[in-house]
There are 2 protein chains.
Amino acid sequence: MSVSATEVPRPVVHRRPCLPDVVRIYEVGPRDGLQAEQVIIDTATKLELVGRLEQAGLTTIELTSFVPPRWVPQLADAEELMAAHRRRPDLRYPVLVPNLKGLGRALEAGASEVAVVVSSTEAFAKANFANTVEGALASAVAVVEAATAEGLPVRGYVSMAFGDPWEGAVAPTVPATLAARLTGAGCASISLGDTIGVGTAGQVAEVVEATVAAGTGRSALALHFHDTYGQALSNVLAGLEAGVTEFDSSAGGLGGCPYARSATGNLATEDLVWLLEGLGLDTGVDLAALVATSVWMAGRLGRPPVSRVVRALAGDVR
Amino acid sequence: MSVSATEVPRPVVHRRPCLPDVVRIYEVGPRDGLQAEQVIIDTATKLELVGRLEQAGLTTIELTSFVPPRWVPQLADAEELMAAHRRRPDLRYPVLVPNLKGLGRALEAGASEVAVVVSSTEAFAKANFANTVEGALASAVAVVEAATAEGLPVRGYVSMAFGDPWEGAVAPTVPATLAARLTGAGCASISLGDTIGVGTAGQVAEVVEATVAAGTGRSALALHFHDTYGQALSNVLAGLEAGVTEFDSSAGGLGGCPYARSATGNLATEDLVWLLEGLGLDTGVDLAALVATSVWMAGRLGRPPVSRVVRALAGDVR
């Protein structure tokens, strides 16, 4: 009962009751995707990637990160990228900032929106921020306060919200409390991240409800899934059913690897678009243009795209 | 916010309300999986595969197909496999039969349970069965009647139930009506197949409800998803929410290809197990043993496993 798939340009729409009417895709490919790629991409190619994502209809694109260049060599060109990029006034271009120094660089570069990151676990706080959970939160809160004082909206990422590679299970109250504190500090939105992709659908509802109960508005919530265990899209469905309206994804699954253990890539934007459009939720994305972008980018990275929709629609790509 | 995944042997349980209490996995790797693989696997290796699947805790394993050998050379050893396989009395071993001649061969070989296939679309009926939809149905009904007369339970596969590569959209009433006619002929269960993997979550509910409304009991339904567009697991979640209790999958995603357009592989059993166990639905599967089986089988096939759980838990496998 197998047959070769031929091109199916769009999914057929079958609506589902009790889902949000409008959802947003928050594209993280140029930042969270590229920072996990081994092949260093030059600034001109990144600019072409961003331009193609804009052309494909993505409206929120996380551009880069103002981390110290030695931490993430891939994003060491943050200033050059920002200076050369011609922003469209109707689109949003958040950038990640790890601390006040990074915020200073981002403001200098003309950032109009920023994002901060905290950790749900001590082990990840130590590994990723060389800090404690409270220390990383204090650093993030300082950035939130300084950025909001400048009039910039701030997104707060809560990482390891669904599990941790060292500590294992994470109680839903932990990310919920961190989200509440970031919201209290002034964050306009909170992205709950399953950084290692271990979470399942029941957990999504629990973490969302705990976060709302702790004081972050449901409409301010985003979900950030990695597809390491193949759960990202079923988790998106659970998130939609819990009333969440913003989902993070990465064009072509940038940041993942099609055959390695390190396949901790973000949910592929194309796979997310296929689900959302199939549910009758308009994404505004030109899927053919996005698939072409991911095929082109995979060529620059020298490996096949990980997105299943890209592989299905683009043919044999190696 | 990426981090290398370390081994997480089991998902953390977070139950979700309103799901079935008990679900079954119907393993199709040795039949639907292998028949889509290019590398011909010898009978001894197939027997080892089946034995390892039994050891890993799978309780229903579709063993092979009694199609004419020239149609599917990979399964030309159906008689040899059945003769050499030592069946465990507590497990189920259905085999696929395309027609009365195939049923005769299956009975001769000692089959205790069989499956038939019909097509939802004329294009696929012509391509796969060289027949019309009605002609293929009549052929299947003849097998169902003859097999039930022998006391064998019969499963009816309804293929292309969610879309067709040539005809595009398929109305939910089409597979629903075919399912009702197979049920009326005596099928004990019906597996609705998204053969090309295009369906999305809203459609799953529609197809299930249409099928139940047309006369097939909800408890007799199974869902058979391919992960071509990455939708298989979100479709399983939608199926669980619609009260379906049986899901088809293939160990390691056998039948898929990690980088080709022809990646029409079945949902990987490991990815399904991760979801079900995370939801607190016991599968009885020893995930470590199953992952080891899929890694071993991928070695025999000379390519990486497509299951994301296998890649996450088994390390870099090429």
Side-chain angles (χ1 to χ4, degrees), chain A residues 1-6 8 11-12 14-16 32 35-36 117 124 127-128 157 159 163 165 169 193 195-198 200-203 205-206 227-231 233-234 236-238 255 258-264 268 271 274-275 278-280 304 307-309 311-312 315-318, chain B residues 1-6 8 11-12 14-16 32 35-36 117 124 127-128 157 159 163 165 169 193 195-198 200-203 205-206 227-231 233-234 236-238 255 258-264 268 271 274-275 278-280 304 307-309 311-312 315-318:
Chain A
M1 255 193 322
S2 286
V3 69
S4 291
T6 57
V8 183
V12 177
H14 294 265
R15 294 180 191 279
R16 194 169 162 83
D32 199 28
Q35 80 173 24
V117 189
F124 187 64
N128 206 50
Y157 281 108
S159 59
T195 317
I196 57 168
V198 293
T200 50
Q203 190 175 7
E206 285 184 26
D227 210 20
T228 320
Y229 291 78
Q231 308 295 311
L233 219 46
S234 57
V236 168
L237 182 58
Y259 23 65
R261 179 177 190 166
S262 52
T264 51
D271 299 9
W274 193 272
L275 173 64
L279 292 169
S307 160
R308 293 187 191 246
V309 167
R311 294 205 306 260
D316 291 337
V317 182
R318 283 168 192 260
Chain B
M1 255 194 322
S2 286
V3 70
S4 292
T6 59
V8 182
V12 177
H14 294 265
R15 295 180 192 279
R16 196 169 159 82
D32 199 28
Q35 79 174 26
V117 188
F124 187 64
N128 205 50
Y157 280 108
S159 59
T195 317
I196 56 169
V198 294
T200 50
Q203 190 175 7
E206 285 184 25
D227 210 19
T228 321
Y229 292 77
Q231 307 296 309
L233 219 46
S234 57
V236 168
L237 181 59
Y259 21 66
R261 179 174 189 166
S262 51
T264 51
D271 299 8
W274 193 272
L275 173 65
L279 292 168
S307 161
R308 293 186 191 246
V309 168
R311 294 206 306 260
D316 291 337
V317 182
R318 286 167 191 261

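In what follows, every heavy atom counts, from backbone to side chain, and hydrogens, waters and symmetry copies are set aside. Sequence lines set the chain letters: A, B, ... in the order given, protein chains first and strands last, and positions in each chain run from 1.
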- Item | Nearest-0.5 Å distance that lies between atom OG1 in B:T200 and atom CG in A:L279 | 5.5 Å
- Task: Answer yes or no: is there a donor N or O on one side and an acceptor on the other, between the side chain of B:Q231 and the main chain of A:D271, under 3.5 Å?
- Result: yes
- Task: Looking only at non-hydrogen atoms, find the nearest pair between A:E206 and B:H14 and report the distance.
- Result: OE1-ND1, 2.8 Å
- Message: Is B:A238 in contact with chain A via its backbone, its side chain, both, or neither, using a 4.5 Å heavy-atom distance?
- Response: both
- Query: From A:Y229 OH over to B:L233 CG, what is the distance, rounded to the nearest 0.5 angstrom?
  - Reply: 14.5 Å
- Identify the two heavy atoms, one from A:R16 and one from B:A205, that lie closest to each other, and give their separation to 0.1 Å. NH1-CB, 3.8 Å
- Note: vs chain A, highest number of non-hydrogen pairs under 4.5 angstrom among B:A169, B:G163, B:A201, B:G278 is B:A201
